[in-house]
Amino acid sequence: MTRDQIAEELPNLAESKLTALVVDDSFVNQTIHQKLLNRLGIENDVVTNGKEAVDVYCSGRNYDLILMDMDMPIMNGIQATKRLREMGIESKIAGVTTRANEGEKKEFMEAGLNDFQEKPLTISKLLSILHKLNFYVQT
Amino acid sequence: MDALIAQLQRQFRDYTISLYQQGFLDDQFTELKKLQDDGSPDFVSEVLSLFFEDCVKLISNMARALDTTGTVDFSQVGASVHQLKGSSSSVGAKRVKTLCVSFKECCEAKNYEGLMLCYRCVRCLQQVDIEYKALKTKLQDMFNLEKQIIQAGGIVPQVDIN
């Protein structure tokens, strides 16, 4: 998709100053997710596991959106999501994982997710997350 | 020069289509190509390099875990396969991913254990090793064709898979 086509889908893209945090232990996925976000003009940072995500928030940083992987060492996506919600963090959290059976999905959602997408992520799946989370709602 | 470019472009198109038809690549590879642009002209090959590094690392981990001189930790093997499955799925490496799916089922199978399970896992691992190396060679050939087209002054064509 060209930037013009994307801008048609998301009318406020030009003014958007959205920020996102990629939480994933795979370099392959980190690279792809960051590129997807860059393509949509979303500033982003990356951490390699749930604990680093929590630490980043503890250090005072904040993001509009978190793309949270499920399986990670030290602290996984479910634990990190629960911890962030306990801390009162209200950022939108989208769970992004290959684990998609109903039980695992439910457990992840119940940890405090706002949305869930099956990996691998594509431009249209990311757009669907943004739509679902009302990031570009026109008032 | 134009005739050369046209010939190279045809070769590239045919080769790329054959990779999809033979099941080496799937739609996710197409998605990666969409993300490649003037700002990041080597995006696809960079991501694939990371994937091949993953293959080397994870296969080596699994080979170590399956070394029967100690106790085999099949859950460790399963965890590595899960990671490789994720990586291969993310780059569109279809055959590698399919092998990882069967490999995972192998690790989780309740009807085998001990040495028999170990043997089956080692066989799976050997297949994964062969398959990722085959893909690496194929993609190297594809990237070389791209380079030749550019060096001849042409543009790499968009290949429509359907």
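Heavy-atom basis, side chains included; hydrogens, waters and symmetry copies ignored.
- The closest side-chain heavy-atom distance from Thr122(A) to Lys34(B) is not below 4.5 Å.
- Side-chain contact between Ser26(A) and Gln83(B) is absent, with no heavy atoms from C-beta onward closer than 4.5 Å.
- Criterion: ILVMFWY side-chain heavy atoms under 4.5 Å apart, direct or through other members. Under it, Phe29(B) and Val96(B) are part of a common hydrophobic cluster.
- Heavy-atom neighbours of Arg95(B) CZ from other residues, nucleotides or ligands within 6.0 Å: above the threshold of 12.
- Here the side chains of Glu46(B) and Thr31(A) are not in contact, with every heavy-atom distance at 4.5 Å or above.
- Side-chain contact check for Ser40(B) and Lys35(A): at least one donor-acceptor pair (N or O, by modelled atom type) lies under 3.5 Å.
- Considering NZ of Lys119(A) and OG of Ser87(B), their distance stands at 8.5 Å, rounded to 0.5 Å.
- Taken from CG in Asp24(A) to OG in Ser90(B), the straight-line distance is 8.0 Å, to the nearest 0.5 Å.
- A single hydrophobic cluster is seen to contain both Val128(B) and Val122(B), as judged by linkage of ILVMFWY side chains at heavy-atom distances under 4.5 Å, directly or through other members.
- Put simply, the side chain of Leu36(A) does not reach to within 4.5 Å of the side chain of Glu31(B), judged on heavy atoms.
- Considering all non-hydrogen atoms of both residues, Arg39(A) and Gln36(B) come closest at NH2-O, 3.9 Å.
- By the 4.5 Å heavy-atom criterion applied to side chains, Ile123(A) and Leu35(B) are counted as neighbours.
- Only the side chain of Leu32(B) comes within contact range of chain A, with heavy atoms under 4.5 Å apart.
- The neighbour count for Lys82(A) NZ, taken as heavy atoms of other residues, nucleotides or ligands under 6.0 Å away, does not exceed 12.
- Leu117(B) is connected to Phe103(B) through a chain of hydrophobic side-chain contacts under 4.5 Å among Ile, Leu, Val, Met, Phe, Trp and Tyr, so both are in one cluster.
- Residue Phe43(B) holds its CZ atom at 5.5 Å from CD1 of Ile32(A), rounded to the nearest 0.5 Å.
- Residues Ile130(B) and Met62(B) are members of separate hydrophobic clusters, defined by side-chain heavy-atom contacts under 4.5 angstrom among Ile, Leu, Val, Met, Phe, Trp and Tyr.
- Note on Val101(B) and Met70(A): separate hydrophobic clusters, where clusters join Ile, Leu, Val, Met, Phe, Trp and Tyr whose side-chain heavy atoms are under 4.5 Å apart, directly or indirectly.
- Shown here is Gln22(B), whose CD atom has more than 12 heavy atoms of other residues, nucleotides or ligands within 6.0 Å.
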